[in-house]
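Residue numbering restarts at 1 for every chain, and letters A, B, ... go by the order of the sequence lines.
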Amino acid sequence: MLQISFIRDNKQIVIDALKKKNFDSENTIERILDVDVTRRATQKKLDDTLADSKSLAREIGNMMKTGMKDQANILREKTADLKITVKELQEKLALLEGEQNSLLVLLPNIPHDSVPAGKTPEDNEVAEQQGSIPDLSDNALPHWELTLKYDIIDFEAGTKITGAGFPVYKGKGAKLQRALINFFLDEAIQAGYTEYQPPLMVNEASAYATGQLPDKDGQMYHATIDNLYLIPTAEVPITNLFRDIILQESQLPIKSTAYSACFRREAGSYGKDVRGLNRLHQFDKVEIVQVTTPEKSYETLEEMRQYVTGILRKLELPFRILKLCGGDISFASAMTYDMEVFSTAQKRWLEVSSISNFETFQSNRMKLRYKDKEGKITLAHTLNGSALALPRIVAALLENNQHKEGIRIPKALVPYTGFDNIS
RNA sequence: GGAGAGAUGGCCGAGUGGUCGAAGGCGCACGCCUGGAAAGUGUGUAUACCUCACAAGGGUAUCAAGGGUUCGAAUCCCUUUCUCUCCGCCA
């Protein structure tokens, strides 16, 4: 959520910047600023009235003590009007605050200056491309055929016991999942991240703080009886660890990582996008999260990009990095890199990671702040990235490494799988 | 799930209707003391919003959260959440 004080002081900058996200904010912002003026005036009036009634109460108190009962009773009558006024102003203020807040929540984050303009994924900038795309014969199999051939993932069983998009991993397929999770976690720990094992369900306040609510309501599984949401990513519980906290600058940066299952309803997806492992309702992911200062957050974003690049290299996967354009960047993000691996049999790039700097967008919602060396309290910057999401990594590994006698496991992974080939 | 107890500042802990943002202690910061340190000693030490120059100063709110009683609530009442103890159930 953008800060009202920032919008107040930089109205035109905000409007222009949001155009880059193809978001027409002018009316909303006008309305917000309107409400803001009334809100502040109301606040002032309330505070003044409250001050009056407080001093009256004090006087009455003193009179009672000194036995001036009659005078006290006279004053007491005067308080009735004040009480009514206070009540009215309080109700008005609550209404205004509610309206302002519900409008503010509609505004997406401002993209960073360097974010390219653009409307669709076609307009994303290829920032980097590495690794060679293997030259496979024309009868190379897509991963959903390979998994069947080697009996390592049973999509139909998943459909039977739960529904489409909930695969069952089996044998070496299951072991490969476990290997990847451990590999990713070990790498992150080695890079200085602290491992967490978070709850897989969160309450409403948490879903709101990281921006899933209200923007993406309907994309999460919701256990209505207890009003809990299944997490769409570990980012939600991990970032919320720091909700309503004031850190010391010396504690920053905070680097956290977590493996979790992720649950997404993916309402509205269809076709080849959802074939096999391409898009699932439940999948595994290791997430990295950092909390840092505004001065260092873009440096941190690059560091995280380098980090993910390193893992992809160890997995020997051809990949490219996209710097997302304004139109493709997410609601809460100021800048995002997408990492995509090439899936040789499908002949397409698959997104396996998304690394974003949210600046103060999340921290403002969740009141995550730090005290700097001068003792000034400032909103921290939050960043996160997948490192990595498993299904599409598995898809690419299977497709790219297929050969006559099976599927080769990259060297870095063999210590984790205990086998170097799936056959 | 049932019965009971409780929730106060970074922490511990006073405070059962009056000027309490809240005693005291610990911790922390700065100063004095010291050759240096410890001890001792002095001062300071929450957050948000409003006013305002994001200064100083001032105002308001906040003692789990929300509502109520009252001229006045950390203190009384109601609701919710959470914690602890006992019982039940259970991996």
When you check the side-chain N and O atoms of [X] and [Y], is any donor under 3.5 Å from an acceptor?
X	Y	result
A:N278	A:R275	no
A:E125	A:Y337	no
A:N203	A:S206	yes
A:Y193	A:Q290	yes
A:E145	A:Q402	no
A:Y221	A:H281	yes
A:Y196	A:E287	no
A:Q177	A:D284	yes
A:Q212	A:T210	yes

Collect all protein-nucleotide pairs involving nucleotides 46-48 of chain B in which both atoms are nitrogen or oxygen and the distance is under 3.5 Å.
from, atom 1, to, atom 2, distance (Å)
B:U47, OP1, A:K371, NZ, 3.4
B:U47, O3', A:R369, NH1, 3.2
B:A48, OP1, A:R369, NH1, 3.1

Could you list the donor-acceptor pairs under 3.5 angstrom formed by side chains in residues 159-170 of chain A, with sequence neighbours left out?
from, atom 1, to, atom 2, distance (Å)
A:T159, OG1, A:F155, O, 3.0
A:K170, NZ, A:D151, OD1, 3.3
A:K170, NZ, A:D151, OD2, 2.8

(message) Quick one, A:R313 and A:T309 - any side-chain contact, counting heavy atoms below 4.5 Å?
(response)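 Yes, close enough: below the 4.5 Å cut-off.
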
(message) If you define the side chain from C-beta out and look only at heavy atoms, does anything of A:N357 sit under 4.5 Å from A:T300?
(response)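 Result no, sub-4.5 Å side-chain heavy-atom pair not found.
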
Using every non-hydrogen atom in the two residues, find where [X] and [Y] come nearest and quote the distance to one decimal.
X	Y	result
A:I110	A:A17	CG2-CB, 3.3 Å
A:E266	A:Q219	N-OE1, 3.4 Å
A:A188	A:T257	CB-OG1, 3.7 Å

For [N] versus [M], give the span between their [atom1] atoms, rounded off to a whole number of Å.
N	M	atom1	answer
B:G67	B:G9	C1'	25 Å
B:A7	B:C63	P	14 Å
B:A37	B:C54	P	41 Å
B:G13	B:G68	P	32 Å
B:A74	B:U19	P	9 Å
B:A3	B:C71	P	36 Å
B:A61	B:G40	C1'	40 Å
B:G10	B:G21	C1'	16 Å

Look for any protein N or O under 3.5 Å of an N or O in nucleotides 62-71 of chain B and output each such pair with its distance, or none.
from, atom 1, to, atom 2, distance (Å)
B:G68, OP1, A:K87, NZ, 2.6

(message) With a 4.0 Å cut-off on N to O distance, would you call A:D16 and A:K19 a salt bridge?
(response)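 Salt bridge between A:D16 and A:K19, a charged N being under 4.0 Å from a carboxylate O: yes.
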
(request) Using a strict cut-off of less than 4.0 Å between a Lys/Arg side-chain nitrogen and an Asp/Glu carboxylate oxygen, indicate whether A:R392 and A:E340 qualify as a salt bridge. (result)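 Between A:E340 and A:R392 there is no salt bridge, as every charged N stays at least 4.0 Å from the carboxylate O atoms.
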
(request) Could you tell me whether the side chain of A:D48 has a donor or acceptor atom within less than 3.5 Å of a complementary atom in the base of B:U60? (result)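 No pair found.
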
(request) For RNA chain B, produce a single dot-bracket line, 5' to 3'. Pairs: Watson-Crick or G-U wobble, both distances under 3.5 Å. Symbols: ( ) within strand, [ ] crossing, | other strand, . unpaired. (result) ((((((((.[[[..)..(.....]]]((((((.......))))))((((((.....)))))).[[[[[..)....]]]]])))))))....

Listed pairs, N/O of protein and of nucleotides 49-52 of chain B, under 3.5 Å:
from, atom 1, to, atom 2, distance (Å)
B:C49, O3', A:R39, NH2, 3.1
B:C49, O2', A:Q43, NE2, 2.7
B:C50, OP1, A:R39, NH2, 2.9

Using whole Å, what does the distance between atom [atom2] of nucleotide [N] and atom [atom1] of [X] come to?
X	N	atom1	atom2	result
A:E249	B:C28	CD	P	21 Å
A:L247	B:G10	CG	C1'	13 Å
A:K376	B:C54	NZ	P	12 Å
A:L379	B:C54	CG	P	17 Å

(message) Over all strands shown, is A:N73 touching base, sugar-phosphate only, or nothing at heavy-atom distances under 4.0 angstrom?
(response)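 Counting heavy atoms under 4.0 Å across all strands, no contact is made by A:N73.
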
(request) Using a 4.0 Å heavy-atom cut-off, write out nucleotides 77-84 of chain B from 5' to 3' as B (base contacted by protein), S (sugar-phosphate only) or - (no contact). (result) --------

